[in-house]
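What you see is a predicted model; the values in this text were computed from it and never measured. All ligand and atom numbering here is 1-based and tracks the order in the structure.
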Amino acid sequence: MTHAAVTDRVHVRAPGKLNLFFQVGGVQDDGYHEVASAYQAVSLYENVWATPSDEFTVMISGTVDLAGVPADDRNLAVRAARLVAQRIGHRGGVHLDIVKNVPVAGGMGGGSADAAAALVACDALWGAELGTAELHKLAARLGADVPFALMGGTAIGTGRGDQLSPALAKGRFDWVIVPPAGEGLSTPEVYAHLDTLRGEHDIAAVAERPEVAPAVLHALRAGDPVALAEHTRNDLQAAALSLRPGLREALELGERSGALAGMVSGSGPTLAFLTGDPESALELQVTLSAAGLEALHVHGPVTGARVVGL
Ligand code: ATP
């Protein structure tokens, strides 16, 4: 089957994510951990432009340190494009222009957002009309966080984090994030360190079946950041802090300076502070900036990967 290009250029935007709750179970036989996660998509976006090409190529630019982002077939967005081409039997390639705003290896799923954006962009560029369910299947093959970047909003993820169900969230939640000042953290390294810490401290009480605390779902439904702050959790935080002890100071500063809760985002080292409203977020942003930290005010939930221009 051949699919003619239906347009010359597609622009897709996909959000970064925060984990409001992240419980990590024991390591499975296949080496993966079973997790229970509450994700929220936030207003820090990756932008991907797709144009027809004979080959699969990628150019990366952005507002964040791009070190470590592969500009070849290892790039998750290129892998996503190839997957769509393979699925529909498209003979040509695509050129992807990626403009990154989500910190690289920062625990906010930037690579996953690029992959989700590339899936949506190629689907539109090649007129494939694969539909949500099919795109979700392709997303799950690319990585545990890709389906959520496609879906956006607020959701619960189980299994490897990729078995998603939408969660009802009222209103908006205001966050201040502090991107890593230096190098990011590798997600597998953080998981491995968590296993080491659990072994050393003989932590046997790892949940068989991790589950998002019902109180988190209630707080989201009620649109209540104060209640949510009481129940945020991230099992990867101890490992991320142990690998980057310098993060503690910023975490404590944020917590002392009006944040309702402060946490490491996913596998880190980005920090996320939950605030009560936009004004409090702005105040916290000013305080953290005055201390020499980069601080960004974002809000969630926002929609997943979407075409914003043809
Ligand atoms: P997650 O929270 O989903 O584990 P992360 O936000 O910590 O991910 P990413 O920025 O998504 O980390 O990427 C982690 C690694 O993936 C990078 O260090 C890089 O080697 C590789 N990678 C592949 N494609 C991309 C991409 N498009 N953008 C960023 N990194 C990519």
Donor-acceptor pairs are to be reported for all side-chain atoms of residues 60-79 against protein atoms at under 3.5 Å, with residues two or more places apart or in another chain.
{"residue": "Thr63", "atom": "OG1", "partner": "Lys100", "partner atom": "O", "Å": "3.4"}
{"residue": "Thr63", "atom": "OG1", "partner": "Asn101", "partner atom": "OD1", "Å": "2.8"}
{"residue": "Asp65", "atom": "OD1", "partner": "Ala67", "partner atom": "N", "Å": "3.0"}
{"residue": "Asp72", "atom": "OD1", "partner": "Arg74", "partner atom": "N", "Å": "3.0"}
{"residue": "Asp72", "atom": "OD1", "partner": "Arg74", "partner atom": "NE", "Å": "3.1"}
{"residue": "Asp72", "atom": "OD2", "partner": "Arg74", "partner atom": "NE", "Å": "3.3"}
{"residue": "Asp72", "atom": "OD2", "partner": "Arg74", "partner atom": "NH2", "Å": "2.8"}
{"residue": "Asp73", "atom": "OD1", "partner": "Arg82", "partner atom": "NE", "Å": "3.4"}
{"residue": "Asp73", "atom": "OD1", "partner": "Arg82", "partner atom": "NH2", "Å": "3.4"}
{"residue": "Asp73", "atom": "OD2", "partner": "Arg82", "partner atom": "NE", "Å": "3.4"}
{"residue": "Asp73", "atom": "OD2", "partner": "Arg82", "partner atom": "NH2", "Å": "3.2"}
{"residue": "Asn75", "atom": "OD1", "partner": "Ala77", "partner atom": "N", "Å": "2.9"}
{"residue": "Asn75", "atom": "ND2", "partner": "Pro70", "partner atom": "O", "Å": "2.7"}

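- Side-chain atoms of Arg13 and Val302, non-hydrogen and from C-beta on, never get closer than 4.5 Å to each other.
- The closest side-chain heavy-atom distance from Ile177 to Phe273 is not below 4.5 Å.
- Taking the six-membered ring for Trp and thresholds of 30 and 60 degrees, Phe148 and Tyr39 have nearly parallel ring planes, at less than 30 degrees apart.
- The shortest distance between side-chain heavy atoms of Leu296 and Val176 does not fall below 4.5 Å.
- Judged by distance alone, with hydrogens and angles left aside, the side-chain atoms of Lys17 form a donor-acceptor pair with the main-chain N or O of Gly107 at under 3.5 Å.
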Below 3.5 Å only, please: the N or O atoms of ligand 1 paired with protein N or O atoms, distance on each line.
{"residue": "ligand 1", "atom": "2 (O)", "partner": "Lys17", "partner atom": "NZ", "Å": "3.4"}
{"residue": "ligand 1", "atom": "2 (O)", "partner": "Gly109", "partner atom": "N", "Å": "3.4"}
{"residue": "ligand 1", "atom": "3 (O)", "partner": "Asp145", "partner atom": "OD2", "Å": "2.6"}
{"residue": "ligand 1", "atom": "4 (O)", "partner": "Thr187", "partner atom": "OG1", "Å": "2.7"}
{"residue": "ligand 1", "atom": "6 (O)", "partner": "Gly107", "partner atom": "N", "Å": "3.2"}
{"residue": "ligand 1", "atom": "6 (O)", "partner": "Met108", "partner atom": "N", "Å": "3.2"}
{"residue": "ligand 1", "atom": "6 (O)", "partner": "Gly109", "partner atom": "N", "Å": "2.8"}
{"residue": "ligand 1", "atom": "7 (O)", "partner": "Gly106", "partner atom": "N", "Å": "3.4"}
{"residue": "ligand 1", "atom": "7 (O)", "partner": "Gly107", "partner atom": "N", "Å": "2.8"}
{"residue": "ligand 1", "atom": "10 (O)", "partner": "Ala105", "partner atom": "N", "Å": "2.7"}
{"residue": "ligand 1", "atom": "11 (O)", "partner": "Gly111", "partner atom": "N", "Å": "2.7"}
{"residue": "ligand 1", "atom": "12 (O)", "partner": "Ala105", "partner atom": "N", "Å": "3.3"}
{"residue": "ligand 1", "atom": "20 (O)", "partner": "Gly68", "partner atom": "O", "Å": "3.0"}
{"residue": "ligand 1", "atom": "24 (N)", "partner": "Leu76", "partner atom": "N", "Å": "3.0"}
{"residue": "ligand 1", "atom": "27 (N)", "partner": "Asn75", "partner atom": "OD1", "Å": "3.0"}
{"residue": "ligand 1", "atom": "27 (N)", "partner": "Asn75", "partner atom": "ND2", "Å": "3.4"}
{"residue": "ligand 1", "atom": "27 (N)", "partner": "Asp114", "partner atom": "OD2", "Å": "2.8"}
{"residue": "ligand 1", "atom": "28 (N)", "partner": "Lys100", "partner atom": "NZ", "Å": "2.9"}
{"residue": "ligand 1", "atom": "28 (N)", "partner": "Asp114", "partner atom": "OD2", "Å": "3.2"}

